[in-house]
Amino acid sequence: MTVIVEDSIKEASASSSSTARVVWRLIGQYGTIAMLGLLIVTMTALEPSVFATSDNLVNVLNQSAIPAMIALGLTFPLVTGDFDLSIGNTASLSGVVACTLMRDVDMSIWMAISAAIMVGLVIGLVNGVVVTVLNVNSLVATLGVGTMAIGVNYKIAGGQPVGLSDSESFLEISLGTLLGIPYPVYIMIGFTAVLWLLLNRTVLGQSMQAVGGNPVAARLSGVRVERVRLVSFVICGAFAALTGVLLASRTGSAAVSGGDGYLLSAFAAAFFGSAVLRDGQFHIIGTLVGVITVAIGFNAIALTGMATYWQYLFQGLLLVLGVGVGSLARRRTAAT
Amino acid sequence: MTVIVEDSIKEASASSSSTARVVWRLIGQYGTIAMLGLLIVTMTALEPSVFATSDNLVNVLNQSAIPAMIALGLTFPLVTGDFDLSIGNTASLSGVVACTLMRDVDMSIWMAISAAIMVGLVIGLVNGVVVTVLNVNSLVATLGVGTMAIGVNYKIAGGQPVGLSDSESFLEISLGTLLGIPYPVYIMIGFTAVLWLLLNRTVLGQSMQAVGGNPVAARLSGVRVERVRLVSFVICGAFAALTGVLLASRTGSAAVSGGDGYLLSAFAAAFFGSAVLRDGQFHIIGTLVGVITVAIGFNAIALTGMATYWQYLFQGLLLVLGVGVGSLARRRTAAT
Amino acid sequence: GGGAETGAKASAGDSYSIGVVRFASSDPGSEGIVQSYLAAAKERGWETSSVDPQGAAGQAVGAISNFVQKQVDLIVVAVFPSDALAAGIKAAKSAGIPVVSIGGGTTDGVPVSLDFGRSNAKPLTEQMVKDTGGKGDLLVLGFTPGLPCVGREEELKAQLKETDIKVTRKEVPIPGQVEAGTEFAQAWLASHPKGSRPLAIWGCFDDPAIGAVSALRQTGRDDVLVYGINGTPAAVKAVKGGDMRATAYVDPATEGKRLADVTPDVIAAGTDAKERTLLPDVHAVTPANVDDFLKKFPGVLR
Amino acid sequence: MTPAREGSPLMSGTCSSEGAVTASRLEMTDISKRFGGLRAVDRVTISLRGGEVLALCGANGAGKSTLVRILAGVEHADSGQIALDGVPVVIDRPETAAHHGLSFVHQELNLVPKFTGLQNMAMGADRQSRLGLVATKRLRRLASEVQERLGYRIPLDVPVDRLSVSDRWMVSLGRCLMRSAKFVVLDEPTASFTDDEAEKLYKVIKELTDSGVGVLYISHRLEEVLEISDRVTVLRNGSVAGSYETAELTVSSLTKAIVGHEVEALAHRRGDASTGAPIRLSVRDLRRPPNVVGASFDLRRGEIVGVAGLVGSGRTELARLLIGADQAAGGEIILDGKPYAPRGPHDAIRAGVVLVPEERRSQALLLSESIERNLAVASHGSARHLMCRFRPRRSHRAAVDIVDELGIKTDGVTRPVLSLSGGNQQKVVVGNYLRTRPSVLVLDEPTVGVDVGSREEIYGIITGLAGAGASILVISSDFDELAVCDRVLVMRHGAIVAEVPSHRATKGHLTRLCFEAEQPAA
Ligand SMILES: Nc1ncnc2c1ncn2[C@@H]1O[C@H](COP(=O)(O)OP(=O)(O)OP(=O)(O)O)[C@@H](O)[C@H]1O
Ligand SMILES: Nc1ncnc2c1ncn2[C@@H]1O[C@H](COP(=O)(O)OP(=O)(O)OP(=O)(O)O)[C@@H](O)[C@H]1O
Ligand SMILES: [Mg+2]
Ligand SMILES: [Mg+2]
């Protein structure tokens with residue numbers, strides 16, 4: 001293409017600073033991934049016998065699976081330019097619903113899971129309707145709907161954890177392995193692929209990105225902006241619910257606030273991911289890298305036995321530098 | 001001017017739909033405040049002897065004071081288009097710092113408070129630098145810096161609450177009254193006035209609003225966008241720290257995570273407030289109305305003895321409807 | 001694999017490797033015990049490493065798996081209910097690593113637990129029943145999602161069964177527990193004026209109780225007895241100042257040492273040992289004994 | 001997710017299909033639309049046949065774009081009908097308009113900044129999917145066809161936020177052509193184009209009409225209206241002021257129809273008056289490769305200097321260097337005898353140098369804010385320090401004055417700037433910067449979308465400022481308007497290659513200079 005030709009001409013003309021610029025551009029593009037690489041190299045040097053084993057790799061991926069589901073789902077509203085603060089509460093509620101149905105109504109596992117995911121779809125739908133029809137800012141809307149989800153949760157379980165009497169086959173979802181790799185890892189990889197296709201290879205996904213990039217332009221070129229935003233909330237709700245179910249199957253019970261902790265971690269992963277490879281755009285691979293970076297960080301903490309305050313400083317620094325190095329480099333690239 | 005003359009002629013001609021339009025416009029403008037009024041009227045009818053008393057009014061205002069400080073501070077980054085997720089952690093840390101200084105170094109109350117507020121200023125500065133210099137998205141940046149603040153907090157207090165042996169005069173800040181009204185109410189009113197002036201009557205405040213409106217345009221018009229954003233983070237940090245100090249003075253001790261709960265409530269109040277009177281713009285009075293609405297809502301919950309799940313449903317609905325009614329009406333106004 | 005062998009070989013005087021899963025840095029009760037346990041372990045030359053999963057059960061399961069990877073000899077978990085960590089406990093068990101819980105109860109794979117709920121509420125609730133003479137109005141500030149609080153409320157319910165005490169229960173949210181305590185107390189006080197029936201407020205932990213104390217001070221009431229649990233500095237101060245009737249204190253140093261003492265046995269016994277619950281020493285702190293108490297535990301207000 | 005719709009009836013009117021015989025007919029009858037108390041469109045009736053070009057003219061705020069937006073399903077008319085081939089249709093949303101075979105280039109750029117040119121063009125295309133999947137190959141083929149027709153290489157694989165403003169317009173135009181349409185509506189498509197690109201557009205319009213497509217064309221450039229249209233409808237204050245056959249019109253009669261009175265043709269300024277004035281701004285070998293590779297010129301007190309150049313010649317970049325919006329890689333600037341190296345627009349504005357940027361929406365307006373606030377931004381930027389007092393009453397009065405002075409058509413300065421017509425928004429942008437009373441004013445395409453009458457007013461203000469001693473640099477792609485300048489610099493490939501005195505700065509001469517090297521005039 002002509003563009004590429006033009007580009008390289010410009011590249012060549014600015015010969016003096018070009019090496020510096022190339023380096024900065026590389027850092028800008030791969031800085032965040034380089035941070036992850038640095039972390040892995042450091043850990044391998046520190047704990048060669050434990051960290052750099054295939055067992056531990058599988059362990060880290062297994063731990064990433066649950067936060068990955070919720071963060072991948074969250075990526076969709078973020079892409080269309082909305083926030084969803086209800087995901088933590090949705091995850092909690094769906095876990096409670098699944099466990100309650102299995103315990104009290106003796107529902108089969110798959111029925112219960114489907115019902116729980118229905119709950120997520122409904123919450124997503126409510127979020128979407130409040131945002132697009134009532135025209136409420138997505139932050140308030142999802143905060144409100146999430147609060148209501150807590151209420152429903154209390155109504156169902158009275159605030160008490162819901163345990164399962166016969167949980168073997170339910171636990172199997174988290175514990176079972178195929179070729180030595182736990183099911184959750186397959187689930188994570190499978191859904192990542194599906195969601196990647198959805199966002200990048202379908203008209204719906206393109207419309208979502210268009211809505212996020214410029215809703216007016218999207219509307220003028222015939223995208224049904226409201227519908228697209230609604231769908232993104234529904235997807236997000238469904239994946240939050242899936243997270244709740246997986247969490248319940250990992251812990252063997254569901255608590256009223258079991259999934260709440262995933263709210264901030266999902267945002268952290270998605271925003272971290274938005275600095276991976278691209279500049280401030282949310283995308284599936286980025287979010288996954290974000291989740292895995294956080295999981296590796298957590299794994300490193302456990303293996304090295306840092307003091308608690310170091311754990312927090314380390315996690316905070318990881319976020320700031322992981323994103324900052326790339327951003328700074330990109331700004332430098334633009335400046336030179 | 002001719003335009004005005006034309007106007008009145010046209011107004012008269014469109015007689016049929018004009019009443020409906022005026023009603024919608026009124027709802028659009030005052031819908032959120034009307035919701036608050038409805039809540040007050042309902043509560044007065046339900047609990048006349050307890051709710052509608054001057055004692056309870058003072059009580060509600062007193063309860064609003066602490067959340068108001070943090071939400072007012074948060075309004076500034078929101079105005080410039082940034083988020084600050086570190087405010088809860090900053091509040092916690094500043095309380096711990098103030099109490100530790102008073103307990104261990106025997107610092108005087110005012111010195112300790114100043115030091116605590118310095119902590120807030122520093123955190124705000126760090127946030128601002130990470131956002132403007134490292135060019136990190138404000139959500140990730142403040143999440144990261146907030147996480148680091150937890151680490152520092154843990155380093156100082158070791159995860160244990162910091163109590164004061166002689167706390168009378170410190171408690172006095174929260175408990176003391178003047179003309180029967182507790183000091184915190186005066187503090188709230190005073191700072192609201194100051195911040196209102198800052199946002200609406202100084203070049204700084206106007207620049208902040210310009211930056212929030214279109215940073216590119218503001219920059220080309222000579223506004224130092226980076227500096228203005230930085231200042232907004234610093235203000236926010238200082239008020240978060242003030243919140244932490246006031247919180248500690250309520251109980252005479254600082255809990256390690258005492259301020260964390262204010263994060264979401266501050267966001268809720270500010271976004272709720274952005275739908276008060278104006279459409280989606282953050283402003284001081286709006287935020288204050290948001291805080292007081294939430295406080296009255298909680299007061300209602302406490303007084304009426306609703307079941308736990310109703311509490312959550314009620315709070316959620318209050319948020320969604322409070323904003324939704326106004327937004328919907330504004331959309332109707334635009335459509336007719 | 002390797003963990004089981006290490007566990008079997010272990011005996012007193014050996015150097016152990018121990019993984020500790022905390023609850024949250026914001027939970028002072030468990031933090032105190034964890035810290036003194038870590039200190040005691042260090043003293044004995046054991047290698048420790050601890051992780052803060054920030055209150056998230058999924059993270060806690062992950063942390064346990066990470067320690068299984070590290071092939072530690074023992075895993076200590078704070079507060080999380082033991083049967084809500086299924087995958088983690090199973091992984092530990094199949095690696096032959098026993099798990100000790102602080103306040104989470106015993107279950108298959110968790111042979112030992114230090115009680116953190118019911119026992120803590122016992123002496124203080126007895127005190128409350130005695131103070132009110134078994135009649136009057138009681139405001140209970142509870143927190144159902146927390147396992148320790150559930151145990152404490154069970155103890156309260158058991159003791160109230162025989163009495164003529166009328167209970168109003170409010171669920172406090174966390175975070176926001178102190179403010180909620182104030183609000184609920186204020187509203188309750190408004191409908192319970194100073195009068196003939198004895199009035200009391202019982203918090204399942206100190207924070208909401210302290211909030212209630214704040215409400216009493218704001219409204220100038222002195223006819224209501226307030227009870228809390230945990231013995232936080234603010235609560236002990238309030239007891240000392242006469243604003244609070246009693247709190248219950250558990251000394252983290254004692255309990256941490258208690259856990260350290262049983263550690264070699266637990267490791268030696270492995271994952272299939274008989275389940276047992278350790279009971280803590282609970283000190284009820286009242287205005288009458290607060291000075292002695294502070295002499296005994298000067299660190300409380302430090 | 002619309003599945004492939006091969007053989008759809010809508011295909012019958014495609015522009016590429018040879019010899020569409022039955023010319024279709026689009027009629028808008030008695031269309032009215034009010035905004036609050038304002039009658040934006042008042043019982044307007046127009047009709048457009050396939051194969052012809054109908055031009056819509058009118059002053060800023062006359063209601064042209066509102067009419068277009070109603071046709072596009074973006075706005076809903078209060079009353080009136082739209083009929084296609086005599087059949088009434090309801091166009092309630094943009095995709096309905098698309099289904100009826102209408103394609104638009106709206107007045108403002110409507111692109112997704114992070115999308116590539118191809119992605120942006122794909123957004124409007126029909127049959128973009130097969131089973132919900134994006135038909136990338138097909139879209140790319142379509143896009144290269146469009147490129148060929150335009151005779152312009154639109155950068156397809158670069159995010160549009162990295163493109164120059166005129167490239168963005170090309171993308172926008174390309175998107176419109178991706179759809180096989182029966183009617184094409186172009187709302188000021190050439191406002192940011194130089195003659196060269198405009199010519200390319202005229203060629204495309206010719207092709208379209210030859211294949212039976214009807215074109216509704218809106219422009220403030222009256223010569224081009226006369227050149228390409230078959231008929232002209234003039235709107236004034238929302239209603240039709242007259243309809244004409246183009247053949248019977250001249251520039252001055254059309255101007256009179258639009259503005260209501262005669263407007264004198266722009267007389268070339270006599271450049272000799274300022275030659276003796278002291279030099280205010282002296283630029284020496286200013287560089288920022290690849291867009292600016294050596295610009296040297298002087299700007300005197302009270303002088304108006306124009307900058308002509310083709311798209312991408314680096315004019316915008318040069319202007320940005322002058323206010324420090326970008327940092328120069330080399331060269332120097334002397335301002336009033338002292339070295340001047342602004343680190344940002346802030347430094348520049350305090351030194352009295354301001355830039356009126358070329359794209360109002362993304363670079364100059366706080367879109368959701370009031371007119372009043374938009375008129376105050378630059379004065380905040382030039383304030384002595386951040387804690388200075390802001391006086392809302394004074395600011396309000398100043399805003400009212402500017403609105404009066406520039407003739408901004410609005411019913412109050414507290415109205416959102418978004419509610420203004422495009423040309424009036426442009427005047428707000430200019431007003432914002434004028435309020436700082438600059439000593440050096442750089443205007444990058446200052447009259448984009450401004451009507452003939454108001455242009456005159458803006459030129460008047462510019463000349464007035466120059467008369468009061470300000471130095472002014474005007475960048476414009478409309479070479480006719482460079483007649484207001486004392487002399488004109490010509491920029492090519494990032495360097496200033498020629499200087500032309502006022503009397504020789506004709507359109508033809510400047511265009512020639514833009515293409516070929518020539519010795520600077522003595
Ligand atoms: N959304 C809106 N709200 C209120 N008033 C509006 C709105 N859109 C347009 N108007 C008003 O309607 C009138 C017509 O505007 P329109 O954009 O159609 O003008 P125009 O003829 O396209 O002008 P220009 O040549 O400047 O583009 C203007 O006075 C404008 O202020
Ligand atoms: N932000 C940017 N990133 C990358 N390339 C850019 C950017 N802005 C402009 N360009 C390119 O730089 C070249 C010069 O652009 P510039 O805008 O300075 O030219 P111009 O003479 O003002 O032309 P125009 O009439 O298009 O505004 C163009 O080829 C354009 O593609
Ligand atoms: Mg227009
Ligand atoms: Mg330009």
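Bear in mind the structure is a predicted one, so any value in this text is a computation, not a measurement. Every heavy atom of this structure was used, including side-chain atoms; hydrogens, water molecules and symmetry mates were not.
Looking at Leu197(B), neither its backbone nor its side chain comes within 4.5 Å of chain D, counting heavy atoms on both sides. Residue Arg389(D) touches chain B through both its backbone and its side chain, counting heavy-atom pairs closer than 4.5 Å. Both the backbone and the side chain of Val377(D) have a heavy atom closer than 4.5 Å to some heavy atom of chain B. For Asn374(D), no part lies under 4.5 angstrom from a heavy atom of chain B. No part of His76(D) comes within reach of chain B, as not one of its non-hydrogen atoms sits under 4.5 angstrom from that chain. The contact between Ser362(D) and chain B is made entirely by backbone atoms, counting heavy-atom distances below 4.5 Å. Looking at Ala364(D), only its backbone comes within 4.5 Å of chain B, counting heavy atoms on both sides. The contact between Ile323(D) and chain B is made entirely by side chain atoms (from C-beta outward), counting heavy-atom distances below 4.5 Å.
Residues Gln363(D) and Val216(B) come closest through the heavy atom pair CA-CG1, 3.9 Å. For Arg361(D) against Asn214(B), the heavy-atom pair with the smallest separation is O-ND2, 3.5 Å. What you find for Arg219(B) and Gly324(D) is that their closest heavy atoms are NH2-O, 4.1 Å. Closest approach of Gly213(B) to Leu366(D), counting heavy atoms only: C-CD2, 3.9 Å. Here the closest heavy-atom approach between residue Asn432(D) and residue Ser221(B) is recorded as ND2-OG, 3.5 Å. Among all heavy-atom pairs drawn from Val228(B) and Leu386(D), the shortest one is CG2-CD2, 4.3 Å.
Atom NE2 of His346(D) is separated from atom CD of Glu226(B) by 12.5 Å, given to the nearest 0.5 angstrom. Between the SG atom of Cys388(D) and the CD atom of Gln206(B) there is a distance of 12.5 Å, given to the nearest 0.5 Å.
Within 6.0 Å of the CZ atom in Arg236(D), the count of heavy atoms belonging to other residues, nucleotides or ligands exceeds 12. By the 6.0 Å contact criterion, CZ on Arg201(B) is enclosed, its count of non-hydrogen atoms from other residues, nucleotides or ligands being greater than 12.
In this structure, the side chains of His385(D) and Leu204(B) stay at 4.5 Å or more apart for every pair of heavy atoms.
Here the rule is side chain to side chain donor-acceptor pair (under 3.5 Å) with Gln209(B), and of His380(D), Arg373(D), Glu369(D) only Arg373(D) fits it.
Taking Leu198(B), Val225(B), Val203(B) one by one and counting their heavy-atom pairs under 4.5 Å with chain D, the maximum is reached by Val203(B).
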